Amino acid sequence: MKIALIVSIITLASRLLSLVSVQIYMAFFGPQLLALEVYTFALNVPNIVFNILGTSITAIVVPIYAGLLKTDKIEAGIFIKRMFLIIIGVVLFLMLIGFFLAPLLVRVSYFSGYYYYEQFAVFALRVMLLSIFFYGINYLFQGILHSHNKFLLAAMVTIPTSLFIIIYTVGFSSEFGVYGLIYATVIGLSLQGLILALPVAHRLLNISQIKFYHLKNQKLAKPVKKQRLAAKPVDEHMVKALQMVAPLLISASSFQIMSIFNTTMASHLNIVTIQGFVMNLVLVASLSVIYSITSVYLPKLSVQWEEDKEKYRQTLEKIILAVLIFMIPASAAFFILGDEIVSLLVHWGNFDEDSAALTTTLLGIFGFAAAPLGLKEVLDRAYYAQKNSKIPSIVGFLIMAISLLFTILTVNIFGVYTIAIAYVTSFSIGAICLFVSLKLMNLKFFINLLKILFATFLMALVLHAIPILYFTTIGVFLNRLLSLVIPSALGAITYFAVIYFLYRKDFNLSIFRK
């Protein structure tokens with residue numbers, strides 16, 4: 001688990017840098033500038049679309065390719081080459097479809113009422129479609145490296161993208177504006193695949209050399225028959241991959257359809273950029289930890305499910321406990337320290353008081369989604385380890401249906417906060433459904449939950465008391481930094497001290513030991 005903690009730290013740092021890049025261009029342009037709203041809309045649509053396939057690529061490539069690496073590296077090389085061709089073909093098809101559908105997508109958005117911004121949105125969306133290609137390559141390359149137990153480089157792959165956007169915004173945005181930001185983003189995304197290309201090529205080259213020596217040394221008798229025998233297992237693996245695709249696409253697309261709907265609704269409420277920032281901040285807190293743990297433990301869970309189901313259950317319970325221990329206090333921190341977080345991260349430049357107040361409230365609401373979202377991702381992968389992608393797809397569709405229906409029925413009641421409330425509600429229901437289906441709702445779980453809630457309550461008391469102490473130094477940034485860091489540090493110390501006291505005799509976090 002040591003490597004998972006390191007990957008979590010690197011991933012968290014990468015995502016924080018991504019948030020910094022968003023904060024910088026929000027401060028430079030203003031969060032509710034209509035041109036920036038167009039940029040965010042154009043960025044989210046291809047990102048949402050390809051995340052549908054990206055999740056499927058990871059869930060398919062890692063288990064199958066990792067297994068083949070242990071049994072037959074030649075078959076592994078053939079499998080990954082076929083997957084590469086399939087992914088490239090799908091990506092090019094999506095780019096072509098997106099090019100023609102761009103005007104239709106824009107017409108159902110808020111920008112359709114403004115001719116200039118409608119044309120600008122079509123242009124921006126078509127340019128951003130290039131990022132789909134880089135997303136596809138990036139997901140495949142990450143899956144290959146994870147299968148080779150190489151996690152660190154994949155965890156920091158977004159850093160060059162964020163740095164490129166920051167450099168453009170600070171140095172060139174005054175001259176080229178949002179138009180230039182669109183091109184800078186696409187160029188920055190292209191760096192992700194380029195960085196991973198060399199280590200991936202090195203490992204595939206080693207596999208090719210093994211294949212070359214194998215073919216050189218094998219007997220020449222009946223070569224056609226041997227070739228067919230060698231190809232059969234690969235075909236079986238491709239069939240297995242294709243069988244997993246449909247449920248995985250349903251599961252992933254449900255979330256992305258919900259995101260497209262939320263982005264469109266947010267455009268009508270004029271909160272696309274603010275909502276996107278808040279959601280990304282919550283995802284940093286949850287998915288950085290979740291994806292790091294599951295990327296390391298998914299192969300282990302798969303093996304344990306086949307060999308020892310009791311160990312599988314024990315490992316899963318430890319992962320769930322770790323998620324709850326980190327995500328529940330994170331939700332409380334978002335709610336209590338919302339003002340301090342927003343003041344430090346985004347309340348600069350053209351980011352006015354009204355925008356800051358709206359961002360704080362949305363952050364407090366969205367923050368409650370951290371725990372259910374994290375649990376949902378873990379439990380999905382628990383089913384993937386069982387080679388079962390049907391139940392996650394059903395629950396994913398249920399989450400989407402609840403979120404959309406809730407938003408439509410209550411938007412006139414909750415206004416700009418509707419999407420956030422629907423998000424929390426739908427993912428909470430989805431996480432409960434997965435818990436029930438896996439039969440994890442036992443007495444031990446509720447005892448652990450009560451312990452964590454008690455520790456979080458004591459932490460909340462500290463966080464509520466400390467922020468009344470404000471700091472005055474020579475710099476505004478330092479004042480805001482101290483007003484956030486000092487209460488957070490004292491709250492974290494209080495929380496983990498209570499957690500250690502509660503688990504001192506029966507410490508269930510052996511998952512964090514090597």
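One is the number of the first residue; the rest follow in order along the sequence. Here the structure is a predicted model, which is why all the values come from computation and not from measurement.
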Any side-chain heavy-atom pair from Leu375 and Phe435 closer than 4.5 angstrom?
-> yes

What one should report as the nearest heavy-atom pair of Val342 and Ala356 is CG1-O, 3.8 Å

Looking only at heavy atoms, which two atoms of Val178 and Ala35 are closest? And how far apart?
-> CG1-O, 3.6 Å

Whether Ser331 side chain and Gly367 backbone form a donor-acceptor pair below 3.5 Å | yes

Is the shortest heavy-atom distance from the side chain of Thr456 to the side chain of Val498 under 4.5 Å?
-> no

Closest non-hydrogen atoms of Val38 and Ala121, given as atom of the first, atom of the second and distance, are CG1-CA, 3.4 Å

Under the side chain to side chain contact (heavy atoms under 4.5 Å, CB included) test, which residues partner Phe84, sequence neighbours left out?
-> Ile88, Ile137, Leu140

Test salt bridge (charged side-chain N to carboxylate O under 4.0 Å, His left out) applied to Glu317 - qualifying residues, sequence neighbours left out | Arg313, Lys444

Side chain Ser21, main chain Ser18, donor-acceptor under 3.5 Å | yes

Flag, side chain of Ser403 to backbone of Ile399, donor-acceptor distance under 3.5 Å | no

To the nearest 0.5 Å, how far apart are CD1 in Ile87 and CD1 in Ile80?
-> 7.0 Å

Once you round to the nearest 0.5 Å, how far does CG of Leu337 lie from CG of Leu363?
-> 9.5 Å

Nearest-0.5 Å distance that lies between atom CG in Leu129 and atom CG in Leu94 = 9.5 Å

Is there side-chain contact between Leu281 and Ile341, with heavy atoms separated by less than 4.5 Å?
-> yes

Any chance CZ of Phe172 has more than 12 other-residue heavy atoms, nucleotides or ligands included, within less than 6.0 Å?
-> no

Would you list the pairs meeting side-chain hydrogen bond (donor to acceptor under 3.5 Å, both in side chains) in which at least one residue belongs to residues 165-184, sequence neighbours left out?
-> none

Please name all residues satisfying side chain to side chain contact (heavy atoms under 4.5 Å, CB included) with Leu196, sequence neighbours left out, ordered by chain then number.
-> Asn138, Phe141, Gln142, Leu145, Leu153, Val157

With ring centroids as reference points, do Phe366 and Phe334 lie under 6.0 angstrom apart?
-> no

Please work out whether the ring planes of Phe123 and Phe120 are parallel, tilted or perpendicular, with thresholds of 30° and 60°.
-> parallel

Tightest non-hydrogen contact, residues Met459 and Gly491, listed as CG-O, 3.2 Å

Let me see the working for Val186 and Phe134 under side chain to side chain contact (heavy atoms under 4.5 Å, CB included), right down to the final yes or no.
-> CA-CA 9 Å; Val186 173; Phe134 304 119; 4.1 Å; yes

Counting N and O atoms only, with roles assigned by atom type, does the side chain of Ser190 sit under 3.5 Å from a partner on the main chain of Ile187, one being a donor and the other an acceptor?
-> yes

Just how far is it from atom CG of Leu105 to atom CZ of Arg126, taken to the nearest 0.5 Å?
-> 10.5 Å

Rounded to the nearest 0.5 Å, how far does CG of Asn262 lie from CD1 of Ile271?
-> 9.5 Å

Could you tell me whether Phe261 atom CZ has more than 12 heavy atoms of other residues or ligands within 6.0 Å of it?
-> yes

Are any side-chain N or O atoms of Ser426 and backbone N or O atoms of Tyr423, one a donor and one an acceptor, separated by less than 3.5 Å?
-> yes

Under the side chain to side chain donor-acceptor pair (under 3.5 Å) rule, what do Thr161 and Gln192 come out as? Steps first, then yes or no, please.
-> CA-CA 7 Å; Thr161 303; Gln192 297 184 14; 3.1 Å; yes

With sequence neighbours left out, the residues meeting side-chain hydrogen bond (donor to acceptor under 3.5 Å, both in side chains) with Thr40 are Thr273

Leu490 vs Leu463 side-chain heavy atoms within contact, under 4.5 Å | no

For Val22, check side chain to side chain contact (heavy atoms under 4.5 Å, CB included) against everything at least two apart and list the hits.
-> Tyr25, Met26, Phe277

Between Met95 and Val91, is any pair of side-chain heavy atoms under 4.5 Å apart?
-> yes

Any side-chain heavy-atom pair of Phe326 and Ile452 under 4.5 Å = no

When every non-hydrogen atom of Phe28 is compared with those of Val170, the smallest separation belongs to CZ-CA, 4.1 Å

Side chains of Ile195 and Ile159 in contact at under 4.5 Å (non-hydrogen atoms) = no

Spacing of Arg480 atom CZ and Leu344 atom CG [to the nearest 0.5 Å] = 8.0 Å

Under the side chain to side chain contact (heavy atoms under 4.5 Å, CB included) rule, what do Phe335 and Ile365 come out as? Steps first, then yes or no, please.
-> CA-CA 7 Å; Phe335 183 78; Ile365 299 173; over 6 Å; no

Side chains of Leu316 and Leu440: closer than 4.5 Å at any heavy-atom pair?
-> yes

Between the side chain of Tyr495 and the main-chain N/O of Ile325, is any donor-acceptor distance below 3.5 Å?
-> yes

Specify the closest pair of heavy atoms between Gln275 and Ala266, including all atoms of both residues, with the distance to one decimal.
-> NE2-CB, 3.7 Å

